[in-house]
Amino acid sequence: MTMKKVLGCIRKADEEFNLIQDGDKVCVGVSGGKDSMLLLYCLSLYKKFATVKFDVIGVHIEMGFPNMDFSVKKMVLNFIMNLVMYMKS
């Protein structure tokens, strides 16, 4: 599936179901997996051409379970920070 198709699906769902309203803050739970990373990225792109103004926020929660590999945390934080810097430009 191309990025254009993904963005088209987001636009279609938003318009059909009125998902995003003017002034909304959309929070995306980011695990570090490809699906949540793609959703965060696509919503950030969609924000640039949507008919309403909204903010996109990526959230990653470290649950603190013992023996868990949190190496993904650094990757997620870097991705979110780079995305924030990209959106400000």
Side-chain angles (χ1 to χ4, degrees):
M1 183 178 281
T2 66
M3 185 63 72
K4 185 176 180 180
K5 180 133 173 116
V6 173
L7 289 170
C9 290
I10 290 173
R11 181 187 53 77
K12 182 180 177 190
D14 181 30
E15 290 175 355
E16 186 174 334
F17 298 107
N18 240 357
L19 297 175
I20 303 173
Q21 305 297 313
D22 201 39
D24 276 355
K25 291 180 177 22
V26 179
C27 181
V28 178
V30 181
S31 65
K34 58 187 172 191
D35 52 351
S36 61
M37 300 287 271
L38 179 66
L39 180 59
L40 179 62
Y41 180 63
C42 287
L43 284 172
S44 298
L45 292 177
Y46 179 62
K47 178 180 170 178
K48 290 192 173 235
F49 65 86
T51 57
V52 295
K53 301 284 185 206
F54 66 97
D55 290 320
V56 180
I57 303 163
V59 176
H60 179 75
I61 299 174
E62 184 177 320
M63 300 299 290
F65 296 120
N67 302 321
M68 292 290 293
D69 178 14
F70 291 107
S71 59
V72 71
K73 179 181 175 184
K74 187 174 183 176
M75 178 194 63
V76 169
L77 290 174
N78 284 336
F79 178 79
I80 292 171
M81 292 307 295
N82 288 332
L83 193 56
V84 167
M85 296 309 290
Y86 169 76
M87 295 307 294
K88 287 184 179 182
S89 62

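The structure presented is a predicted model; accordingly, all values stated were derived computationally and were not measured.
- Atom CZ of Arg11 sits about 10.0 Å away from atom OG1 of Thr51, to the nearest 0.5 Å.
- A search for salt bridge (Lys or Arg N to Asp or Glu O under 4.0 Å) contacts involving Lys25 returns Asp55, not counting sequence neighbours.
- Of all heavy-atom pairs between Ser36 and Gly29, the closest is CB-O, 3.3 Å.
- Of the inter-residue distances, the one linking Leu40 atom CG with Asp35 atom CG reads 11.5 Å to the nearest 0.5 angstrom.
- Annotation: the span from Leu39 atom CG to Lys34 atom NZ amounts to 14.5 Å, rounded to 0.5 Å.
- The two atoms that bring Asn18 and Gln21 nearest to each other are O-NE2, 2.9 Å, heavy atoms only.
- Partners of Phe49 according to the ring-ring contact (aromatic ring centres under 6.0 Å, His included) rule, which considers only residues two or more places apart in sequence or in another chain, are Tyr46.
- Put simply, the side chain of Lys47 does not reach to within 4.5 Å of the side chain of Val26, judged on heavy atoms.
- Nearest heavy atom pair, residue Leu43 against residue Val28, reads CD1-CG2, 3.7 Å.
- For Cys42 against Val6, the heavy-atom pair with the smallest separation is SG-CG1, 3.5 Å.
- Asp14 places a side-chain N or O within donor-acceptor distance of the main-chain N or O of Leu19, the cut-off being under 3.5 Å.
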